[in-house]
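Naming convention: chains lettered A, B, ... in sequence-line order (proteins, then strands); numbering from 1 in each chain. What you see is a predicted model; the values in this text were computed from it and never measured.
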Amino acid sequence: MDSIVILFISGLLGLFVGMQKKPLFSIIIASLGLIGAGVAAYFKGSYVSPFASYAAFIPTQGLVIILLCAVTLLAMLGGYKRYKSDDEHTGDYFALILFSLCGAIIMAQPNDLMLFFIGLEILSIPIYVLVGIEKGSSRSAEAAVKYFFTGSFASAILLFGIGLLYGATGSFQIIEIQSNLAIGIWQSPMAIIGSLFLLAGFTFKIGAVPFHFWGPDVYDGASNAVLMYMSTVVKIAGIYAIINVFGQVFRDSYAFWIDLICIIIVLSMFYGYITAWKQTSFRRLIAYSSIANAGLMLFALADIHNSNIFLFVTAYALSTIAMVVVNTAVNDDTDSLANWEGIAWRNPLVGVALVLALFSLAGIPPLAGFFGKFSLLWSAAPHVPYTAILALIASVIGAFVYLRLMISALKKPKVTLPIHLSFEQVLVLVLTSLATLGALYFI
Amino acid sequence: MALILLPLVFSLVAWFIPSNITRIFGLIASAITLVVSSVAVYFFEPSEHLLIDFGLRFVRFSIDSLGFTMLLLTNAVIFLVFLGNFKRSITNEKRFTALAFLMQFGLLGVFTTNTILGFYIFWELTLLPIFLILYWFGSFDKPRALLQFFLYTLLGSLAMLLSVIGLMHATNQQTYEALLAADLSSLGNTSIFLMGGFLLAFAVKIPLFPFHTWQAETYTKAPTAGTMLLSAIMLKMALFGLLKWVLPIFDGVATDFWRWPIITLGIIGVVYGAVVAIRQQDLKTLFAYASLSHLGLIAAALMLNNFDTNQIAVVQIVNHSIVSIGLFLAAGIIEQRLGTRELGQLGGIAKVAPRFAFWFAVLTFVSLSVPFTAGFIGEFFLIKALFSANALTGFLASTTLVLGAVYMLKAYQAPMFGPTINATFEDLHWSEIAVFAILSIAAIYLGLAPQCLTDFVAHSLPQPTH
């Protein structure tokens, strides 16, 4: 909980520092806040949080906070160029991101459904704002409005689900709900409908089929900088929330919902990858790829006692951030994939980072993506073997998507104009590449 | 340790050396790996294991005599690829040199690791450099053919990944020795599926008959060096996997189940590949189908899982590497000198380039498996083994000898002795002669004294239980 306090305070400080219109100060404050929060999560053992009765952290999940902070830091640095171009609001943007991260951390590991819902809203509301930061662009405004309406609707459904569960069990506390459901209440219509509503809300948040429709439009309308944040942190928080809620609350109705999850996995992966295939706009491609990856992440639910999702989400976040940073550097407003042709030749760092990111997403060893997929399937395959087979077939289509992108990036251009990366972009690309290679540690 | 890590080091170094010495660097570095491995083999006791442990959890290395054979073969192939392409611009490219060494590293990993996950990791690792080599240096006008190759392989590999996971779950073991000792009979039909996953990956790579469609196009469009790497050593990963991992581990229900389907596919490949090769006009396509035909025979014979046949299969694996390097180099030379590979546009080369004609002829005869070459020993005993298993299979397999003669002689005779179309043809460079000479000597030596290889590998091939 102290991480949240640190994040919140640094967000507030950032708001005041932002008035100086010195983007450098803002990013330093925000980075320090993120690093401090990560360190606090690492050392939290000796400290008893005042909120402990509401949100007791499951010990291993201090790692999740560190991951969320690190990913946010990368996303922030990667998008710094965009944020600082609007120096009047740089401080506000960073504050919004930090506040939203507080929500993500609360949401990722609740022990109380009410608190979880509050976390979800804290996470979502700043993002509704951030999606709309391109004030001049009507697409950005459209995306913000669309995301706001659909997102609020999904939140309402989720809240409805929580309400029904409360009606069925008389509690918001996850442990109590679980013990009440365990004695047979889970078969009551109220609890079943409640669980379905929760599932629908979650599916919306992580953007899996059939509640994925907002994804492409919103990703397309948002700026690259915001995309980096929302395509990674929201998904990571969402998947951890779904693991905690479904893995604990609905432990006893596993047999009932696992089939649904399998259907969602297969549909998301095939839909996401097949649709991504024909995209011509980079951000839409990322959107469809993220739909497919959301499907893959749901494999974590197949083995509720041992969901090895950490490596996979890390690898996904690293690759996505690297790709979006590259896109920021090479692409213009049209966001067309045609601009990607030959970029690997224009800057060696871009080439190396891209090859690593794309091979990692395609799941080729010995990169992080492979170990992510491997550990995910390692625990899931014995429980849902047929889904795993279908998922692998879908992965081949996915590899096709990523390789097509790589082929275009590696094509030798006739004229090579060097790409100039700013310092923080270089830093992000180097860090993501090293981390992607760092998975060798797990061999 | 240097045995395995040296190529990785060279691959990293290659990015940082000045461009004008890249060519020399590639040649010398590959020679160093070859020499190091030769010395290691010299001091190696065939009945022992050479354990190499870097303290990693999932990847450990243990080199037995079969591993050493393949390791030596890999290093030799890489050296010959650098030597054979010495006069081409491709070896002057840092990227190619670095990727070829990375590939060598991956291959050595496949051949020497003794954990099943390590096998998978290295197997996939080789995809990365070959993809980039084919893409950068190949003449793929559209990425479609390249992607087809890559995706086929990936589909196979992912099926293998599932099987690896399944196998590790089922036995709770990961090292070769432990898996060998594990009892899979309790798995029943599951073991059939697990083996099926492995076989799918191997069938794509070898390639077996219905999975071969990537082969011809990839071979034709790839640069000569890429084709040599692919056919001379990369495809051998699959045969090696079959020989070392899958057959001994799944010995029992699963092997019995898959034996005849795979033999059937292999034999279909033998006949189909040969027949299609006869009809080809493009030299590289012709050799590609010839390769399909030869490898089908090895795969079919391996499935018999017979101790003696397995030893001979190793001879034939080495022989096929020799033949494919030689033939694809010859095709590459013709293409480089004349700009075409169409049989119709070639003729009378022997008159202007007698040395090339001589060495090409030697390689053609090696490929035809005439007595005193390794191919004779290999094909003769493999066909004999198939005959004793089933007469019809043996008969169909033996057509490879006749059909092989038809397409090989056609591929040799028309360009060399046909009506003179090509009046100028620059004769062989010393580096190319060296490659042909090494290959011919190796093939003839193996043909005269195959027991030096069969006795060597016999130590590490498991004795069948039944």
List the steps, then state whether side-chain contact (heavy atoms from CB on, under 4.5 Å) holds for B:Ile121 with A:Phe370.
-> CA-CA 9 Å; B:Ile121 288 175; A:Phe370 165 73; 3.8 Å; yes
B:Tyr135 and A:Ile407 have their tightest heavy-atom pair at OH-O, 2.7 Å
When heavy-atom pairs shorter than 4.5 Å are enumerated against chain A, which of B:Leu155, B:Leu154, B:Val164 gives the highest number?
-> B:Leu155
Which value, rounded to the nearest 0.5 Å, describes the distance between B:Leu161 atom CG and A:Ser395 atom OG?
-> 9.5 Å
May I ask you to decide if A:Leu410's main-chain N or O and B:Trp136's side chain share a donor-acceptor pair within less than 3.5 Å?
-> yes
Select one option (side chain, backbone, both, neither) describing which atoms of B:Phe122 are under 4.5 Å from chain A's heavy atoms.
-> neither
Checking B:His169 side chain against A:Ser379 main chain: does a donor-acceptor pair fall under 3.5 Å?
-> no
Interchain contact, A:Lys411 with chain B, by part (heavy-atom threshold 4.5 Å) = both
Looking only at A:Ala362, A:Pro382, A:Ala381, the option with the highest number of non-hydrogen pairs under 4.5 Å against chain B is A:Pro382
Of all heavy-atom pairs between A:Leu392 and B:Leu158, which one has the smallest distance, and what is that distance?
-> CD1-O, 3.2 Å
Residues that A:Asp335 engages under side-chain hydrogen bond (donor to acceptor under 3.5 Å, both in side chains), provided they are two or more places apart = A:Ser281, A:Asn327
Proximity breakdown for A:Ile389 and chain B, heavy-atom pairs closer than 4.5 Å | both
Sorted by chain and residue number, the side-chain hydrogen bond (donor to acceptor under 3.5 Å, both in side chains) partners of A:Thr387 (sequence neighbours excluded) come out as none
Do A:Phe374 and B:Ile165 come close enough that some side-chain heavy atom pair is under 4.5 Å?
-> yes
Which atoms of B:Arg60 approach chain A - backbone, side chain, both or neither, heavy atom under 4.5 Å | neither
When B:Leu117, B:Thr115, B:Leu127 are compared by non-hydrogen pairs under 4.5 Å with chain A, the top option = B:Leu117
Describe, in one word, how the ring planes of A:Phe359 and B:Phe131 are oriented to each other, choosing from parallel (under 30°), tilted (30 to 60°) and perpendicular (over 60°).
-> perpendicular
So with a 6.0 Å cut-off around CZ of B:Phe193, is the heavy-atom count from everything else above 12?
-> no
Nearest-0.5 Å distance, CZ of residue B:Phe150 to CZ of residue A:Arg404 | 15.5 Å
Report, as yes or no, whether the 6.0 Å neighbourhood of atom CH2 on A:Trp277 holds more than 12 heavy atoms from other residues, nucleotides or ligands.
-> no
Can you see which heavy atom on B:Leu151 is nearest to which on A:Val396, and at what distance?
-> CD2-O, 3.6 Å
Checking B:Leu147 against chain A: side chain, backbone, both or neither under 4.5 Å from a heavy atom?
-> side chain
